[in-house]
*Asks:* 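Have a look at this one before I ask anything.
Note that the structure is a prediction, hence the values are computed from the model and not measured. In what follows, every chain begins at residue 1, and chains take the letters A, B, ... in the order their sequences are listed.
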Number of protein chains: 2
Amino acid sequence: MKPIAESTVRRLSLYLRFLEEFEAQGQLTISSGELAVSRGTTSAQVRKDLSFFGSFGKRGLGYDVRDLIGSIRQILGLHRTWSVVIIGAGKIGAALAQYRGFATRGFHVVGIYDKDPARIGTKLGEITVRSDLEIERDIERLRPQIAVLCVPGEVAQAVVDRVTDAGITAVLNFAPAQVQVPNGVTMRAVNMATELEILAFGLSHPEELAS
Amino acid sequence: MKPIAESTVRRLSLYLRFLEEFEAQGQLTISSGELAVSRGTTSAQVRKDLSFFGSFGKRGLGYDVRDLIGSIRQILGLHRTWSVVIIGAGKIGAALAQYRGFATRGFHVVGIYDKDPARIGTKLGEITVRSDLEIERDIERLRPQIAVLCVPGEVAQAVVDRVTDAGITAVLNFAPAQVQVPNGVTMRAVNMATELEILAFGLSHPEELAS
DNA sequence: CCTTGTGAATCGTTTCACAGCC
DNA sequence: GGCTGTGAAACGATTCACAAGG
């Protein structure tokens with residue numbers, strides 16, 4: 001298979017969200033054009049995105065909503081569950097631990113860890129904060145695939161090194177720091193400061209930020 | 001000025017972060033190559049990104065760290081402060097309200113709002129949660145530029161309509177919903193579910209997710 | 001000799017346009 | 001007739017490569 005652009009994967013995720021809404025409304029079939037307007041893109045883009053993975057529609061008719069949901073789920077890897085550990089039980093870690101959106105999409109939080117003794121043992125929804133010393137043992141035992149980092153920027157790299165050494169193969173980084181991961185590990189970063197700064201640029205340069 | 005790609009703005013924000021680290025370490029001068037390796041890009045990319053805004057270096061020498069920090073701050077619109085309102089005082093809204101990264105970069109949180117009477121009046125760090133009924137009045141009075149949305153997906157569009165009608169010109173959307181903004185309003189979305197799904201795709205298709 | 005700034009070349013993504021099929 | 005799937009064209013971003021300046 002040829003390499004797939006991140007932008008394509010991101011759109012597939014959005015298509016999936018809309019398809020689920022359409023399904024909930026009882027719509028059985030949908031055209032690439034309908035899917036496109038709901039998401040602010042073009043019908044050609046929708047068809048091209050899907051074409052990388054096969055052909056899912058019927059010419060003259062469109063796509064079967066339920067089938068396409070299944071196909072995109074399969075493409076994105078949502079036909080199975082994934083186990084997640086959250087590292088850092090500060091404000092953001094705690095908020096994420098209780099975020100319902102994880103579970104409803106097949107991401108199971110199997111552990112949350114902190115270094116601060118005051119936090120260890122406290123309950124966040126279903127789950128109890130454990131000592132950061134147990135990270136390695138738990139990862140080796142429970143084999144989660146994904147680590148969500150919610151630690152201070154200064155320790156982010158050290159923590160990523162620990163979890164990837166222990167066997168984590170995907171990292172979602174909320175820490176305000178750029179981190180390196182070894183080959184074979186997928187990494188994504190969500191950086192609040194950067195998002196705000198892009199907004200500030202947009203405010204400062206009306207009409208000049210592309211898109 | 002020609003339109004600037006979002007990817008360029010995002011990199012400028014990262015360069016700024018590294019330049020600040022270099023400055024803290026007392027480094028006076030830096031080459032595009034040094035800036036590039038710290039950020040995983042190329043020296044040509046660094047120079048091209050900067051070239052859209054002027055010429056900031058000295059041939060044979062590189063860039064003065066302090067000057068370049070000032071120039072990038074100016075470019076990004078960080079030479080002034082921006083006022084922010086947070087809509088929704090649930091877990092994520094509350095976490096953001098207390099996020100130190102806002103203030104240290106010149107983003108002042110001037111209000112946080114919720115609909116739930118149990119939350120109204122509670123203190124989050126410095127600031128007290130106010131009724132969502134005061135949103136319009138406060139926006140007209142305090143003239144914040146940025147709204148950060150931390151409300152449930154179902155009400156996100158209605159809330160965006162309210163704040164943009166009241167005069168907000170930039171929105172950072174953490175609600176798990178696609179929203180439309182009127183022309184002239186900058187919008188960015190951070191969608192946890194999408195980020196996780198991109199990771200799941202990466203886990204499911206090793207070697208096939210571009211970069 | 002080193003490093004910037006930048007046009008030109010390359011690469012990747014999006015859009016177009018139409019043949020093929022329902 | 002309507003809509004998909006897909007090569008080809010257009011566009012945009014990144015990389016190359018070098019002239020110009022310290």
*Asks:* Before accepting this row, confirm whether a basic side-chain N of the pair B/E6/B/R10 lies closer than 4.0 Å to the acidic partner's carboxylate O.
*Replies:* yes
*Asks:* When the ring planes of A/H205 and A/F201 are compared, do they come out parallel, tilted or perpendicular, using 30° and 60° as the limits?
*Replies:*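 Answer is parallel, since the angle falls under 30°.
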*Asks:* How many Å lie between NZ on B/K48 and P on C/dA8, as a whole number?
*Replies:* 11 Å
*Asks:* Do other residues, nucleotides or ligands put more than 12 heavy atoms under 6.0 Å from the CD atom of B/Q180?
*Replies:*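 At most 12 heavy atoms, drawn from other residues, nucleotides or ligands, come within 6.0 Å of this atom.
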*Asks:* Please check the phosphate of C/dT13 (OP1 and OP2 only) for any side-chain N or O of A/Q45 closer than 4.0 Å.
*Replies:*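 Indeed not, no polar side-chain atom of A/Q45 lies that close.
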*Asks:* Rounded to whole angstroms, how far apart are CG on B/L61 and P on C/dG5?
*Replies:*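 For the pair B/L61 CG and C/dG5 P, the rounded distance is 11 Å.
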*Asks:* Report yes if a side-chain nitrogen or oxygen of B/S32 is closer than 4.0 Å to either non-bridging phosphate oxygen (OP1 or OP2) of C/dT4; otherwise report no.
*Replies:* yes
*Asks:* Is B/S43 touching bases, backbone alone, or none of the nucleic acid, heavy atoms closer than 4.0 Å?
*Replies:* nothing
*Asks:* Starting from the 5' end of DNA chain C, give me the residue, A/T8 or B/S51, whose nearest nucleotide shows up first.
*Replies:*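 Looking at the nearest nucleotide for each, B/S51 comes out on the 5' side.
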*Asks:* Could you tell me from which nucleotide to which nucleotide of DNA chain D, 5' to 3', there is an atom under 4.0 Å from chain B heavy atoms?
*Replies:*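 Nucleotide range in contact with chain B: D/dA13 to D/dG22.
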*Asks:* Has A/R141 got more than 12 heavy atoms of other residues, nucleotides or ligands less than 6.0 Å from its CZ?
*Replies:* yes
*Asks:* Look at atom CD of A/E126 and say whether more than 12 heavy atoms of other residues, nucleotides or ligands are closer to it than 6.0 Å.
*Replies:*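 For A/E126, atom CD is not crowded (no more than 12 foreign heavy atoms under 6.0 Å).
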*Asks:* To the nearest angstrom, how far is A/F52 atom CZ from C/dG12 atom P?
*Replies:*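 Taking atom P of C/dG12 as the reference, CZ of A/F52 is at 12 Å.
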*Asks:* Give the rounded distance in Å between these two atoms: CZ of A/R10 and P of C/dT14.
*Replies:*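 Taking atom P of C/dT14 as the reference, CZ of A/R10 is at 12 Å.
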*Asks:* Expressed as a whole number of angstroms, how long is the span from B/R47:CZ to C/dT3:C1'?
*Replies:*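 For the pair B/R47 CZ and C/dT3 C1', the rounded distance is 7 Å.
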*Asks:* Out of C/dA19, C/dA17, C/dG5, which nucleotide sits closest to the side chain of A/A44?
*Replies:*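 Ranking C/dA19, C/dA17, C/dG5 by closest atom to the A/A44 side chain puts C/dA17 first.
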*Asks:* Tell me the interatomic distance from B/E34, atom CD, to C/dT3, atom C1', rounded to whole angstroms.
*Replies:* 11 Å
*Asks:* Rounded to whole angstrom units, what separation is found between the CZ atom of A/R59 and the C1' atom of C/dC18?
*Replies:*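 Computing the A/R59:CZ to C/dC18:C1' distance gives 11 Å.
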*Asks:* Between A/Y63 (OH) and C/dC21 (C1'), how many Å, whole number?
*Replies:* 13 Å
*Asks:* If I take atom OG1 from residue A/T194 and atom CG from residue A/L199, how far apart are they, to the nearest 0.5 angstrom?
*Replies:* 11.0 Å
*Asks:* Supply the atom-to-atom distance A/L35 CG to A/I30 CD1, rounded to the nearest 0.5 angstrom.
*Replies:*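 One finds 4.5 Å between CG of A/L35 and CD1 of A/I30.
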